[in-house]
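Input: a single structure, listed below in structure tokens.
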Amino acid sequence: MGIYVCGVTPYSDTHIGHLVPAVFWDAIRKYLKYRGYEVRFIQNFTDVDDKIIARANQEGRNASEIAERYVADYLTVLGMMGVEPADRYVKVTQEMEEIIRVIEGLVRKGYAYQAGGDVFYAVEKFPGYGKLSGRTPEELEAGARVEVSPLKRNPLDFALWKGAKPGEPAWDSPWGKGRPGWHIECSAMSLKYLGSRFDMHGGGLDLIFPHHENEIAQSEAYTGEPFARYWVHTGLVTVDGEKMSKSLGNSLAARELIRQWGPEVLKFFLLTNHYRSAFNFSVAELENASRGLARLVRVVEAVQALVDHQVEPARQEVEPAHQVEPAHQGVPGDTGGAGAVAAAGAVGTTEMADLTDLANPADLDNALAEAENEFRAAMDDDFNTALAIASLHDLAREVNRFINAPSFRLTAEVQTRLRKVLRLFGELAGKDGILGILPREAPAGSRDEALVEGLMELILDARRSAKQAKDWSTADRIRDTLKKLGVAVEDTPQGARWRRT
RNA sequence: GGCGGCAUAGCCAAGAGGUAAGGCAGAGGUCUGCAAAACCUCUAUACCCCAGUUCGAAUCUGGGUGCCGCCUCCA
């Protein structure tokens with residue numbers, strides 16, 4: 001499966017708008033791989049451009065220095081976000097031959113003409129012009145607000161090659177020194193690396209016109225074949241309800257947001273929307289996202305703690321004699337299924353609610369299968385990550401019911417099942433999973449972390465003693481003080497657990 | 001001015017002809033030494049408004065209103 005996504009024009013710090021396609025395409029790629037597709041993912045850098053040149057002149061540097069700096073910034077930020085690098089990043093400056101070849105081809109076929117040192121694409125020669133953005137050349141002309149170059153035969157024509165101006169980087173070409181126009185690089189590079197008809201082409205919604213429209217015109221005219229099969233356009237970012245744009249100066253720096261909220265919350269916030277929707281950033285919404293994500297993180301942590309908890313090999317399973325237990329409980333290999341439900345009735349319940357209290361392993365298995373199916377169905381339907389996350393919440397509820405049920409007993413067999421829960425959460429949402437919204441476990445190697453672990457163990461041990469002596473005030477004081485320090489203590493049947501808040 | 005998109009509970013957000021997912025916040029309950037976490041129950045009998053098509057519309061059509069975007073660099 002070939003995918004080409006328009007990356008960035010590297011001339012300023014990476015902002016949140018850059019992260020939208022990055023995050024969604026990361027999830028899409030990973031999902032497609034999970035589904036067994038072989039994915040070839042190409043992303044470009046338009047590293048020659050008016051804005052880069054302007055910035056370079058402003059700083060008294062080479063355009064290439066500027067481009068390199070911001071390419072590096074972009075890639076670093078993607079790394080911070082846990083986005084897998086593209087299979088190949090392509091750059092305009094490294095594909096001049098190919099770009100010139102395509103322009104030559106367009107000239108030869110009559111789709112482009114030379115005017116002075118420039119080469120323009122002749123829009124009226126391409127009958128389908130406007131088909132992506134749903135516009136006709138007439139409409140476009142009527143609405144044109146830009147000053148038209150006198151060299152153009154038609155106001156809608158756009159530059160394939162721009163003759164060199166003083167102080168600008170330039171390359172040799174059949175039309176003299178110059179550089180490529182915006183648009184042509186994506187045609188040239190996608191065709192070169194993915195062939196004439198690849199599967200998906202992505203980019204921001206704002207690129208539909210003119211960028212992608214022009215890509216289609218160039219590519220289809222050049223190859224005589226249809227271009228990309230599917231267009232996947234990601235939505236744009238607003239900040240407190242206002243469009244975020246360079247010209248308004250309200251761009252949100254990606255690094256700052258990552259520092260404030262962490263990559264997972266940012267991803268979660270984005271992925272709880274459909275990729276095509278507008279993403280409105282505000283503190284309230286990020287807080288909302290943060291809390292929603294916490295629910296998922298908590299259940300995974302709880303399961304992890306249960307899996308890590310030492311269980312005595314076999315004995316423990318039959319131990320609680322004072323409890324009314326289904327006779328077969330804990331028999332290895334028994335799924336519990338109908339028998340457990342029947343036994344619940346036998347317990348002599350007065351309330352229906354008791355049925356739901358049963359920690360029924362079969363229910364857990366069903367929930368796992370269902371969650372994975374729903375997740376797939378959601379992603380299969382136009383990569384509906386919002387629905388996919390809902391399936392994770394459904395699973396979280398089932399898992400919580402299971403592990404918090406009064407009849408829950410932690411046995412080796414139950415741990416095996418719980419490991420499956422962890423595996424699925426990891427695969428679908430883990431750091432290296434499809435959505436990448438669950439944080440990686442704290443790096444165990446760090447010295448501070450080891451110290452904190454040790455101290456917490458000591459403190460919680462002291463509290464356990466206090467509780468055993470029914471010294472509630474001491475136990476509560478420890479818990480309250482820790483809470484003030486940002487550590488939440490929760491008592492569970494397997495002992496106290498703690499987490500940072 | 002031309003073109004396009006969107007409008008679903010207090011908030012966020014799926015759903016795109018068959019009777020409204022999920023999360024956050026809120027209320028009540030269960031569990032707990034008390035909490036926390038979790039679970040259960042409740043929280044949209046006008047899905048912006050008005051007409052229409054249909055046995056049936058949040059979903060389709062027409063007309064409004066409001067917001068946003070594109071037409072100029074942007075992801």
Side-chain angles (χ1 to χ4, degrees), chain A residues 5-9 11-12 14-22 24 49-51 54 130 133-136 138-147 182 202-211 233-238 241-248 251 268-269 272-274 276-280 282 284-296 298-299 301-302 351-353 356-357 374 378 381 384-394 396-406 467 470-473 475-476 479-480 483 488-493 496-497 499 501:
Chain A
V5 174
C6 288
V8 301
T9 300
Y11 73 102
S12 66
T14 304
H15 58 71
I16 187 66
H18 294 129
L19 260 34
V20 174
F24 279 98
D49 167 275
D50 291 344
K51 298 172 300 270
S133 53
R135 274 172 272 206
T136 63
E138 293 71 41
E139 288 167 0
L140 287 163
E141 236 173 294
R145 297 194 311 213
V146 209
E147 229 180 289
W182 184 40
L205 222 40
D206 53 342
L207 294 179
I208 292 178
F209 189 90
H211 187 55
H233 288 111
T234 42
L236 304 179
V237 170
T238 57
E242 272 202 9
K243 179 199 179 186
M244 184 185 94
S245 77
K246 305 265 164 79
S247 53
L248 288 176
S251 296
F268 184 83
F269 167 69
T272 49
N273 293 266
H274 185 76
R276 206 179 162 78
S277 50
F279 304 95
N280 184 37
S282 71
E285 297 208 11
L286 287 167
E287 264 167 8
N288 193 355
S290 177
R291 282 184 238 195
L293 175 60
R295 174 178 157 81
L296 258 23
R298 274 197 298 262
V299 70
E301 282 176 353
E351 297 286 323
M352 283 288 288
T356 62
D357 284 344
E374 281 176 9
D381 187 5
N384 192 332
T385 51
L387 239 195
I389 287 174
S391 76
L392 259 26
H393 274 111
D394 289 338
R397 186 177 55 250
E398 294 304 320
V399 172
N400 277 327
R401 281 173 63 153
F402 179 75
I403 64 179
N404 289 302
K467 279 180 69 176
K470 297 209 191 297
D471 178 1
W472 307 125
S473 70
D476 290 351
R479 189 175 61 199
D480 293 345
K483 189 178 180 183
V489 175
E490 294 165 7
D491 292 321
T492 79
R497 266 207 302 272
R499 62 187 161 83
T501 53

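Below, chain A is the first sequence line, B the second, and so on; all start at residue 1.
In this structure, of A36(B), C24(B), G33(B), it is G33(B) that holds the atom nearest to the side chain of Lys467(A). In the set A75(B), G33(B), G22(B), A75(B) carries the atom at the smallest distance from any side-chain atom of Val8(A). When distances run from any side-chain atom of Trp182(A) to the nucleotides G23(B), C73(B), A14(B), the shortest one goes to C73(B). Minimum atom distance to the side chain of Pro21(A) is reached by A75(B), of the listed A75(B), G23(B), A14(B). When distances are taken from the side chain of Asp491(A) to each of C39(B), C34(B), A75(B), the shortest belongs to C34(B). Nearest to the side-chain atoms of Leu387(A) among the listed nucleotides A14(B), C24(B), G69(B) stands A14(B).
Look at G33(B): it lacks any Watson-Crick or wobble partner with both distances under 3.5 angstrom. The partner of C24(B) is G10(B), judged by Watson-Crick or G-U wobble contacts that both fall below 3.5 Å.
Neither OP1 nor OP2 of C39(B) sits under 4.0 Å from any side-chain N or O of Arg401(A). In this model, the phosphate group of A37(B) is not approached by any side-chain N or O of Arg497(A) to a distance below 4.0 Å at OP1 or OP2. An OP1 or OP2 oxygen of C39(B) is reached within less than 4.0 angstrom by a side-chain nitrogen or oxygen of Asn400(A).
No side-chain donor from either of Ser290(A) and Asn288(A) sits under 3.5 Å from a side-chain acceptor of the other.
Nucleotide C3(B) holds its C1' atom 14 Å from the CG atom of Leu205(A), rounded to whole Å.
Taking a cutoff of 4.0 Å between a charged side-chain nitrogen and a carboxylate oxygen, Lys483(A) and Asp480(A) do not qualify as a salt bridge.
In this structure, A46(B) shows a glycosidic angle within 90 degrees of zero, which is the syn conformation.
Between Phe279(A) and Phe24(A), the angle of the ring planes lies from 30° to 60°, which puts this pair in the tilted group.
Residue-to-nucleotide contacts include a donor-acceptor pair under 3.5 Å from the side chain of Asp476(A) to the base of G33(B). Side-chain N/O atoms of Arg479(A) and base N/O atoms of C34(B) include a donor-acceptor pair closer than 3.5 Å.
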